[in-house]
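Numbers for residues simply follow the sequence, beginning at 1. Remember, it's a predicted structure, so these values are computed and weren't measured experimentally. Atoms within a ligand are numbered from 1 in the order they appear, just like the ligands themselves.
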Amino acid sequence: MAASRETQASSGAAPVLDYEAIIIGAGMSGMYQLYRLREQGMRVRVFEAGTGVGGTWYWNRYPGARFDSESYTYGYSFSKELLQEWSWSEHFAGQPETLRYLNLVADKFDLRRDIQFRSRVAAATYQEDTHSWNVTLADGSHFRSRFLITAIGPLSAPTLPRIEGVDTFQGQSFHTARWPHQPVDFAGKRVAVIGTGATGVQTIQTIAGSVGHLTVFQRTPNWCAPLHNSKIDAETQKKIKSGYPDMFRRCQETFACFLHTPDPRGTFEVSDEEREAFFEKLYAEPGFGIWQGNFRDIVTDRKANAVISDFVARKIRQRVKDPEVAEKLIPKNHGFGTRRVPLETRYYEVYNQDNVELVDITETPIERITPDGIKTGDGEYEFDIIIYATGFDAITGSFDRIDFGGVDGMRLKDKWKDGPRTYLGVLIDGFPNMMMLMGPHTALGNIPRSIEYNVDWVTGLIRHAREFNLTRVEATAAGVTSWTDHVKALGAGLLSNEVNSWMTGYNTNVEGKQTRIIARYSGSAPAYRATCDEVALRRYDELALA
Ligand SMILES: Cc1cc2nc3c(=O)[nH]c(=O)nc-3n(C[C@H](O)[C@H](O)[C@H](O)COP(=O)(O)OP(=O)(O)OC[C@H]3O[C@@H](n4cnc5c(N)ncnc54)[C@H](O)[C@@H]3O)c2cc1C
């Protein structure tokens with residue numbers, strides 16, 4: 001059925017398409033998109049660089065990798081049967097459990113038969129004569145499809161530090177997002193961790209007890225807050241399973257799709273005592289409440305931000321015995337919540353251990369990696385293992401690693417050289433029939449909730465195109481300008497956009513990424529969905545359809 005539909009296409013020569021849609025990436029986005037398009041009877045192929053499904057949870061196997069979203073708010077919501085079948089064991093599940101979950105999803109919905117693993121997409125070029133995409137894999141093979149859907153992840157392009165000698169180290173070295181599939185033996189080893197973002201924090205607190213000696217190289221400390229993870233008992237499990245509809249409804253209503261949502265009060269609308277008690281309560285609660293459920297103005301009002309920053313700084317001073325070390329762990333160049341808040345479990349207490357040392361590389365910069373270890377301005381440290389917890393070229397990085405060619409040979413990299421330009425974070429003018437899942441300018445937050453919305457919206461657009469025999473779907477230049485301006489306006493006044501971080505596209509380890517950009521949509525998720533819903537209701541009349 002699908003093939004005859006293609007040969008009836010109205011444009012020029014009838015194209016011979018291998019697939020109706022190609023999806024790049026088999027993480028949560030790509031898996032769900034495959035499920036939805038197959039439901040419509042489409043011929044779909046997913047190309048995935050890894051050897052298995054799961055994306056983030058396939059690659060990030062470092063010790064201690066786990067959610068900071070509540071597990072049950074993170075899983076897919078689309079299948080009632082799946083929700084009842086799967087039981088999360090902890091409120092914040094670890095990576096092995098999440099990967100098991102995603103493998104179960106792949107099995108249950110028989111997804112693997114349409115996924116080609118070990119297949120990195122190197123280039124994708126739009127063919128105007130046939131209204132199709134030509135996708136080239138790293139091994140040189142080509143495939144053609146009408147639609148191209150990127151599901152390549154906001155945090156999937158790892159970056160190593162730009163330090164001389166990285167290749168010369170003779171011990172073991174790992175990037176946290178390229179962790180081996182076999183366990184790494186830390187017993188008695190001299191270990192270095194470079195980086196203290198969310199990943200570094202999880203790694204450090206997990207291995208500190210088993211290594212011989214741990215040296216943490218920190219450039220920018222982050223404001224961390226306790227995760228307070230625990231097992232889910234049988235009674236709670238029952239409540240979770242029977243309460244799913246209400247819980248997902250709540251996630252749909254909150255600002256960033258978490259169970260937590262900003263307190264409507266301003267920081268200075270309550271007494272000092274009330275404020276302190278509120279902060280204490282949030283600090284003692286599980287999850288992102290202290291960030292996402294705090295007073296509404298902590299990330300917009302400098303004075304409010306200073307008050308919560310001071311509260312968390314006091315906590316760090318209480319928890320770290322050596323006052324000098326505590327000062328090094330307290331961020332001085334950004335306020336609480338203006339970068340992603342790593343959630344921790346006895347992270348600060350690690351620095352009270354005799355076998356742990358903190359090196360502030362703003363004081364003694366790393367000069368080079370040597371065959372035996374790391375040389376700083378202060379001397380040379382010898383290591384058996386170096387762990388690079390140096391994160392990702394976020395949001396646009398996975399796009400930069402594919403050579404996307406649009407209409408008239410336009411390169412996406414050129415189009416986005418001053419920052420991404422999109423329509424609803426999904427479409428780009430000059431790149432017809434290409435749709436992005438969790439691309440720039442979409443709402444992040446509790447990401448799977450956004451993924452499900454994003455996928456359903458893209459599915460609706462493709463359904464519309466097929467129903468009306470449309471073979472070319474494109475955002476207009478005016479639509480892209482208007483959405484991009486809207487996203488930029490939403491970012492104005494947010495303290496987080498004044499700070500260098502992955503959320504502002506800043507990365508010292510990537511050439512040309514030392515200018516802050518507005519990479520993500522910072523309005524509320526309900527507002528984002530309302531705008532996209534309206535576009536669909538108006539039958540996509542803002543798009544150029546042919
Ligand atoms: C350590 C860690 C913890 C996180 N914890 C949370 C959390 O608690 N809550 C939350 O909401 N979010 C969290 N996230 C964000 C997480 O990335 C998203 O929640 C979600 O998994 C994104 O799914 P995705 O499918 O969009 O992208 P990904 O899971 O990143 O999948 C993208 C896939 O595309 C593939 N790919 C990329 N480029 C190519 C190419 N050129 N060719 C072929 N394949 C390609 C990759 O191999 C990857 O498998 C976390 C991220 C990390 C790194």
Selection residues 428-448 - residue pairs positive for salt bridge (Lys or Arg N to Asp or Glu O under 4.0 Å), sequence neighbours left out: Lys415-Asp429
Basic-acidic side-chain contact under 4.0 Å: Asp18, Arg45: no
Asp107 and Arg112 ion-paired at < 4.0 Å: yes
Contact residues of ligand 1, where a non-hydrogen atom lies under 4.0 Å away: Ile24, Gly25, Gly27, Met28, Ser29, Phe47, Glu48, Ala49, Gly55, Thr56, Trp57, Trp59, Asn60, Tyr62, Phe67, Asp68, Ser69, Tyr74, Ser119, Arg120, Val121, Ala151, Ile152, Gly153, Pro154, Leu155, Ser156, Phe392, Ile402, Met438, Gly445, Asn446, Ile447, Pro448, Ile451
Test salt bridge (charged side-chain N to carboxylate O under 4.0 Å, His left out) applied to Lys513 and Asp393, step by step: CA-CA 9 Å; Lys513 296 218 169 167; Asp393 183 0; 3.0 Å; yes
Partner set under side-chain contact (heavy atoms from CB on, under 4.5 Å) for Pro161, not counting sequence neighbours: Ile163, Tyr388, Thr390, Asn509
Results of salt bridge (Lys or Arg N to Asp or Glu O under 4.0 Å) for Arg296 - residues two or more places apart only: Glu269
